[in-house]
Amino acid sequence: MRYWLLKSEPGVFGIDDLAAAPRKTEHWDGVRNYQARNFMRDDMRKGDRAFFYHSNCAQPGIAGIVEIVRESYPDRTAFDPESEHYDPRSAPDTPRWFMVDVKLVRRLKRVIPLAELKAHDALRDMPLVRRGNRLSVMPVTAMQWDTICSME
DNA sequence: GCCAACGTTGGC
DNA sequence: GCCAACGTTGGC
């Protein structure tokens, strides 16, 4: 099993939204970055776990843990001209963008703030805490995972 | 709201 | 294939 971190803006889709979804499960759509897509499409497996990270908000940080419950399949929002994630270069027979389904495992007891993650020596190699990083789907090592869980 | 950092686009 | 211009991300 691998570990991941998924970023989302809580104003768009936050952990409260996932908690309120049927079976606490939702598709993770809208990824439009190739590196992030490749991680999701090629390396994510059912049963993997991921941190749910809140970005671009008042309290950026890790809010919860989710499980990958469906492996990658075409992101249908790319086919929909009405969607803000529409991409005319992606077609159903030659999909360019993919999504997975995630299920909420649990919220953390508190949102672990980005500032604390940045301050922790064991986490300095995480893309998340590196300057200018914009990757929205990234792998997390077992050691980083355990470190973060211990900060809860 | 600002702006640095980054990825993508498109002319050449 | 280069690289300047542009749009987006996301912390602060």
Side-chain angles (χ1 to χ4, degrees), chain A residues 2-21 26-44 48-68 71-102 104-141 143-152:
Chain A
R2 300 188 196 207
Y3 298 108
W4 304 94
L5 182 141
L6 300 169
K7 286 185 191 173
S8 186
E9 301 187 22
V12 178
F13 184 81
I15 200 155
D16 291 342
D17 299 299
L18 184 58
E26 192 53 275
H27 50 272
W28 199 269
D29 63 20
V31 172
R32 296 292 181 272
N33 167 281
Y34 290 104
Q35 196 182 358
R37 177 203 69 181
N38 292 346
F39 281 134
M40 217 170 58
R41 183 189 61 185
D42 303 334
D43 300 325
M44 263 189 197
D48 286 358
R49 298 236 163 161
F51 288 124
F52 192 129
Y53 177 84
H54 280 171
S55 68
N56 198 20
C57 59
Q59 309 281 342
I62 294 174
I65 293 172
V66 303
E67 179 177 335
I68 310 305
E71 291 179 17
S72 71
Y73 58 106
D75 182 342
R76 70 179 90 93
T77 64
F79 311 142
D80 176 8
E82 301 301 310
S83 169
E84 67 179 312
H85 299 303
Y86 177 57
D87 183 350
R89 300 166 302 180
S90 187
D93 53 338
T94 55
R96 176 175 300 224
W97 305 114
F98 293 80
M99 58 190 181
V100 298
D101 287 356
V102 303
L104 181 65
V105 174
R106 65 181 181 88
R107 297 169 194 262
L108 299 190
K109 298 187 191 91
R110 65 185 185 112
V111 175
I112 301 176
L114 177 61
E116 284 186 37
L117 301 172
K118 280 182 168 173
H120 206 299
D121 200 49
L123 303 178
R124 66 183 162 194
D125 290 333
M126 287 188 80
L128 181 73
V129 303
R130 289 210 299 265
R131 222 160 76 90
N133 170 71
R134 293 163 46 174
L135 195 58
S136 64
V137 177
M138 70 184 73
V140 173
T141 68
M143 195 191 73
Q144 291 162 348
W145 182 272
D146 291 342
T147 298
I148 292 168
C149 290
S150 77
M151 297 167 71
E152 185 181 4

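In what follows, every heavy atom counts, from backbone to side chain, and hydrogens, waters and symmetry copies are set aside. We name chains A, B, ... by the order of the sequence lines, and we start the count at 1 in each one.
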note = Exactly one candidate in A/W97, A/F98, A/F39 meets ring-ring contact (aromatic ring centres under 6.0 Å, His included) with A/Y34; the answer is A/W97

query = Rounded to whole angstroms, how far apart are CG on A/D87 and P on B/dG7?
reply = 18 Å

request  = Report the distance from atom CE of A/M126 to atom C1' of C/dG10, rounded to the nearest whole Å.
outcome  = 16 Å

ask   = Between A/R96 and A/G132, which has a closest nucleotide on DNA chain B that is more 5'?
value = A/G132

note = Among C/dC12, C/dG10, B/dT9, the one nearest any side-chain atom of A/S55 is C/dG10

query = Atom CG of A/N33 and atom P of C/dG10: how far apart are they, to the nearest Å?
reply = 9 Å

message = Rounded to whole Å, please give me the gap between CD in A/E9 and C1' in C/dG11.
response = 12 Å

remark   = A/K7 NZ to C/dG10 P, in whole Å, measures 4 Å

note = Here the distance between atom C1' of C/dG10 and atom OH of A/Y53, to the nearest Å, is 8 Å

request  = Whole angstrom is fine here: how far is it from CG in A/L5 over to P in C/dG10?
outcome  = 11 Å

request  = State plainly whether the residues A/E67 and A/R106 are in salt-bridge range, i.e. N to O under 4.0 Å.
outcome  = no

ask   = Is the closest basic N to carboxylate O distance between A/R32 and A/D75 below 4.0 Å?
value = yes

message = Using a heavy-atom cut-off of 4.0 Å across all strands, would you classify A/R130 as base, sugar-phosphate, or nothing?
response = nothing

message = Side chain of A/R131, heavy atoms from C-beta onward: which of C/dG11, B/dA4, B/dG7 has the nearest atom to it?
response = B/dA4

inquiry  = Could you check whether any side-chain heavy atom of A/H54 comes within less than 4.5 Å of a side-chain heavy atom of A/Q59, counting everything from C-beta outward?
reply    = no

Atom-pair distance (CG on A/N56; P on B/dG1), nearest Å = 13 Å

